[in-house]
Amino acid sequence: MKRPSLYFTDEHELFRQSVRQFIRSEVVPHTDEWETNRRIPAAVFRRMGELGFLGLPFAEPYGGANADFWFSVVFLEELARCGMGGFTTAVSVHEYMAINHIAKAGSEALKQKYLVPAIAGEKIAALAITEPDAGSDVAAIRTMARREGDVYIVNGAKTFISNGTYGDFVTLAVKTAPAGGPNGVSLIVVDLNSPGVSRTKLNKMGWHSSDTAEIRFDEVRVPVENLIGTEHAGFYYLMESLQLERLVAAVMAVSGADLALDWTLTYLQEREAFGKPIGKFQAIRHKIADVATEIDVARQFVYHTCWLFTQGEVVVKECSMAKLHASEMQKRVIDSCLQFFGGYGYIEEYPICRAYRDARVGTIAGGTSEIMREIIAKIVVDAVAYKPAYS
Ligand SMILES: Cc1cc2nc3c(=O)[nH]c(=O)nc-3n(C[C@H](O)[C@H](O)[C@H](O)COP(=O)(O)OP(=O)(O)OC[C@H]3O[C@@H](n4cnc5c(N)ncnc54)[C@H](O)[C@@H]3O)c2cc1C
């Protein structure tokens, strides 16, 4: 029997069924191909655009659905149930990390040029903050955008950029005032086919279907109109959007852990040892009870944080806690689940093997666990207060 929910209506659940159907029929069957090719075909983004999946939070005039945040939660949960961290990353970076800056603070011209085709799935977007010498310390980025008349001239390098190899454009964090520290950062949109942009695909431990690039910018000319919002306000835009980014990561981590538990429950019934299904052994049953408890407890905190987010609250502390807890939990849970597959858990044909590799990066990308603890400690110990950056 369906249980009541504080958060999801029948409409959300109907939407869940349509996303689940899409994932089952148009994503999961291609897992091996996309993981092997280390690439998601552009046609899949177009298909998701047609289905309206890429514009859930955005305004209708740009092709969006203007749907409440719980539709996004449903979408992200179902996305993660494809069991392919790379696909989940490629789509979530595009929709919830790269283009939301344009939607929030971009000019009308930028929205028409980049947001509209991104929502339609005709252009694929990346977000580039991390550099070879600056990851956690965002204010230390060195990629420069020097203004010359109507253009910025961009020089520098970014690394670990999801959708960076095959993407069409990037929301790029640059320094527009070299001495300004956090006050010298701006966000600009750069076409990735511009002269002077070169990209190198990186070979990763997991998230294979997601392409990840190092991108170099050598005297790249970018129109000044491609500035997002106010010059030098980029650091604060990024910090605010990281709340959403971390919440998205937390939602997907819980769902990914839940999927691993489902695979494991099936396997426990199928696999026999000492004349009975291994799911009958108390040692395993108790561990499964721990795993199920961990997932459900994490899910409720993540939902609560989502709810605070929908109320327009500044949820830096809760989003950081959600990302920290859910990504660490996902790693622990998948490790435990893999154990019950015995040797088969170590074999590539079993999805739990891929899930184990994919989960490893959850405590690194989008802000490491150490940085989450730093943020939480600043709020809890030092009583630092964060204010909204977009107005
Ligand atoms: C597969 C993948 C995809 C990614 N996708 C993107 C993307 O699309 N766009 C993008 O911009 N970035 C992306 N990243 C980058 C990711 O966000 C960074 O790797 C992450 O923020 C950490 O930065 P770093 O790798 O430079 O590590 P560093 O900042 O060099 O940190 C190294 C270690 O030191 C620790 N550390 C650093 N500072 C502190 C401190 N103050 N206190 C305690 N410990 C500290 C860190 O936690 C870490 O353990 C991706 C990374 C990966 C692996």
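One-based numbering, in listed order, for ligands and for the atoms of each.
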Original post:
So is Ser136 polar-close to ligand 1, meaning N/O to N/O under 3.5 Å?
Top reply: yes
**OP:** Would you kindly specify which portion of Val361 sits under 4.0 Å from ligand 1, judged on non-hydrogen atoms: side chain, backbone, both or neither?
**Re:** side chain
Original post:
If you measure from atom 24 (P) of ligand 1 to every heavy atom of Pro132, Ser210, Gly135, which option wins on shortest distance?
Top reply: Gly135
Subject >> Stepwise side-chain hydrogen bond (donor to acceptor under 3.5 Å, both in side chains) check, Lys201 with Thr165 >> reply: CA-CA 6 Å; Lys201 194 173 186 175; Thr165 320; 5.7 Å; no
Original post:
Given that the side chain starts at C-beta and the backbone is N, CA, C, O, which of these parts of Asn163 lies under 4.0 Å from ligand 1, counting heavy atoms, or is it both or neither?
Top reply: neither
Original post:
Hey, is ligand 1 close enough to Leu127 that some N/O pair sits below 3.5 Å?
Top reply: yes
Original post:
Protein heavy atom under 4.0 angstrom of atom 33 (C) of ligand 1, is there one?
Top reply: no
Subject >> side-chain hydrogen bond (donor to acceptor under 3.5 Å, both in side chains) between Asn155 and Arg216, intermediate numbers included >> reply: CA-CA 8 Å; Asn155 283 288; Arg216 297 202 158 264; over 6 Å; no
Subject >> Distance filter under 4.0 Å to Ile129 heavy atoms, resulting ligand 1 atoms >> reply: 10 (C), 11 (O)
**OP:** Take Thr363 and Glu328, measure what side-chain hydrogen bond (donor to acceptor under 3.5 Å, both in side chains) needs, and give me the verdict at the end.
**Re:** CA-CA 6 Å; Thr363 59; Glu328 294 284 351; 4.5 Å; no
Subject >> Test salt bridge (Lys or Arg N to Asp or Glu O under 4.0 Å) applied to Arg20 - qualifying residues, sequence neighbours left out >> reply: Glu78
Original post:
Is there at least one pair of N or O atoms, one from Phe160 and one from ligand 1, spaced under 3.5 Å apart?
Top reply: yes
Subject >> Face-on cation placement of Arg39 at Tyr166 ring, 6.0 Å and 45° thresholds >> reply: yes
Subject >> Audit row: Thr143, Ile141, side chain to side chain contact (heavy atoms under 4.5 Å, CB included) steps and yes/no >> reply: CA-CA 6 Å; Thr143 297; Ile141 61 165; 5.6 Å; no
Considering only distance and modelled atom types, tabulate donor-acceptor pairs under 3.5 Å from the side chains of residues 109-129, sequence neighbours left out.
from: Gln112; atom 1: NE2; to: Glu108; atom 2: OE2; distance (Å): 2.9
from: Tyr114; atom 1: OH; to: Asp191; atom 2: OD2; distance (Å): 3.0
from: Tyr114; atom 1: OH; to: Asn226; atom 2: ND2; distance (Å): 3.4

**OP:** Could you tell me whether atom 5 (N) of ligand 1 has a protein heavy atom closer than 4.0 Å?
**Re:** yes
Original post:
Which residue owns the protein heavy atom closest to atom 20 (C) of ligand 1, what's the atom, and how far is it?
Top reply: Ile364 O, 3.5 Å
Subject >> Part of Thr130 with heavy atoms under 4.0 Å of ligand 1, whether side chain, backbone, both or neither >> reply: both
Original post:
Where is the nearest protein heavy atom to atom 39 (C) of ligand 1: which residue, which atom, and how far?
Top reply: Ile371 CD1, 3.7 Å
Original post:
Does atom NZ of Lys317 have more than 12 heavy-atom neighbours from other groups under 6.0 Å away?
Top reply: no
Original post:
In ligand 1, which numbered atoms sit nearer than 4.0 Å to a non-hydrogen atom of Thr368?
Top reply: 22 (C), 46 (C), 47 (O)
Original post:
So, are Lys323 and Glu245 salt-bridged, with charged N and O less than 4.0 Å apart?
Top reply: no
Original post:
Which of the numbered atoms in ligand 1 are below 4.0 angstrom from a heavy atom of Lys204?
Top reply: 1 (C)
Original post:
What residue and atom, counting heavy atoms only, is the protein's closest point to atom 8 (O) of ligand 1, and at what distance?
Top reply: Ser162 N, 3.0 Å
Subject >> Audit row: Asp68, His12, side-chain hydrogen bond (donor to acceptor under 3.5 Å, both in side chains) steps and yes/no >> reply: CA-CA 10 Å; Asp68 69 55; His12 294 124; 3.0 Å; yes
Original post:
Looking at OG1 of Thr171 and OH of Tyr237, how far apart are the two atoms once the value is rounded to the nearest 0.5 Å?
Top reply: 13.0 Å
**OP:** Return the residue, atom name and 0.1 Å-rounded distance of the protein heavy atom closest to atom 42 (N) of ligand 1.
**Re:** Glu374 CG, 3.9 Å
**OP:** Before signing off on this row, confirm whether Asp137 and ligand 1 have an N or O atom pair separated by under 3.5 Å.
**Re:** no
Original post:
When the ring centroid of Trp34 is compared with that of Phe87, is the distance short of 6.0 Å?
Top reply: yes
Subject >> Check: Phe15 ring centroid to Phe8 ring centroid under 6.0 Å >> reply: no
Subject >> Exercise check, heavy-atom protein proximity under 4.0 Å to atom 30 (O) of ligand 1 >> reply: no
Original post:
Which protein heavy atom lies closest to atom 2 (C) of ligand 1, and at what distance to 0.1 Å?
Top reply: Trp207 CZ3, 4.0 Å
Original post:
Against heavy atoms of Gly366, which atoms of ligand 1 measure under 4.0 Å?
Top reply: 17 (O)
Original post:
Looking only at non-hydrogen atoms, which of Glu245, Met205, Glu370, Lys158 approaches atom 45 (C) of ligand 1 most closely?
Top reply: Glu370
**OP:** Considering the heavy atoms of Ile161, write down every atom of ligand 1 situated less than 4.0 Å from one of them.
**Re:** 7 (C), 8 (O), 9 (N), 10 (C), 11 (O)
